[in-house]
Amino acid sequence: MKQRDLFLAFFRVGILGYGGGPSSIPLVHKEVVDKYKWMDADEFGDILALGNALPGPIATKMAGYIGFRVGGVLGMVNALCATMIPTIILMIFLLTALNSYKDQPWVKGMAEAVVPVVAVMLGVLTWDFIKKSGKSKLGWTWTGVSLIASLVLLQFLHVHPAILILILLVGALVKKDSSPSEQKQMGGERK
């Protein structure tokens, strides 16, 4: 049952993830977090951040890891195949058909119409992550500072996203939260 669910989940992502990896992320989130509840949104965010820091297509990285986590090695192979098979089939048949009509206005319009839909899907997922960050230990102030700093680094200073993600991952590993005993000592000193 689990292997069938894995295949169906990632097959749907593969068949509906028109627009590449970024457009498939909200679809993977919907299947993995909302529908099958194989992990929570925080775990998904961690996997997404790490996956973006590594080379290669995000859809296959996430399918491989989630498949392995849910169903072992067989689950990994299953999820990877389910992600790639729709793309292979669609590339062969659709590109063959569309290539003969590539100069038609309806083909150009179809390709252009996908862009705003993908933007909305990514925006909704981004807003969900922002809300979770604001409500986490990070708080709204640091969430806002991180958003503005990321925007400046990515858009204006043209820092590669993988470098930013790596810095944030290292920062999270290095950061030391105060232990309960340290918090008690700090509370005792204030009194």
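All values below come from the heavy atoms of this structure, side chains included, with hydrogens, waters and symmetry mates left out.
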Please examine the side chains of Lys35 and Asp5, heavy atoms only from C-beta on, and report whether any two atoms are closer than 4.5 Å.
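No, every pair of side-chain atoms sits at 4.5 Å or beyond.
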Evaluate the side-chain proximity of Val13 to Met62: yes if any heavy-atom separation is below 4.5 Å, no if none is.
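A side-chain contact under 4.5 Å is absent here.
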Using 0.5 Å steps for rounding, measure from the [atom1] atom of [X] to the [atom2] atom of [Y].
X     : Y      : atom1 : atom2 : answer
His29 : Met121 : NE2   : CE    : 12.0 Å
Ile85 : Leu90  : CD1   : CG    : 11.5 Å
Phe7  : Arg12  : CZ    : CZ    : 11.0 Å
Leu6  : Lys2   : CG    : NZ    : 8.5 Å
Thr83 : Ile15  : OG1   : CD1   : 11.5 Å

To check you understand the geometry: which heavy-atom pair defines the closest contact between [X] and [Y], and what is its length?
X     : Y     : answer
Pro86 : Cys81 : CD-O, 4.4 Å
Ala79 : Ala63 : CB-O, 3.3 Å
Gln3  : Asn78 : O-ND2, 2.6 Å
Phe10 : Val32 : CZ-CG2, 4.1 Å
Ile66 : Met39 : CG1-CE, 3.8 Å
Ile25 : Leu48 : CD1-CD1, 3.6 Å

Please determine whether residues Phe93 and Met91 belong to a single hydrophobic cluster, defined as Ile, Leu, Val, Met, Phe, Trp and Tyr linked transitively by side-chain heavy-atom distances below 4.5 Å.
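Unlinked, Phe93 and Met91 end up in two clusters.
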In the hydrophobic cluster built from side-chain contacts under 4.5 Å, what are the other members alongside Val124?
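Direct or chained contacts put Val124 with Val120.
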Specify whether Phe129 and Phe44 have parallel, tilted or perpendicular ring planes, treating 30° as the upper limit for parallel and 60° as the lower limit for perpendicular.
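Parallel, since the angle between the ring planes stays under 30°.
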Can you confirm whether [X] is buried at [atom1], in the sense that more than 12 heavy atoms of other residues, nucleotides or ligands lie under 6.0 Å from that atom?
X      : atom1 : result
Phe68  : CZ    : no
Trp142 : CH2   : no
Lys132 : NZ    : yes

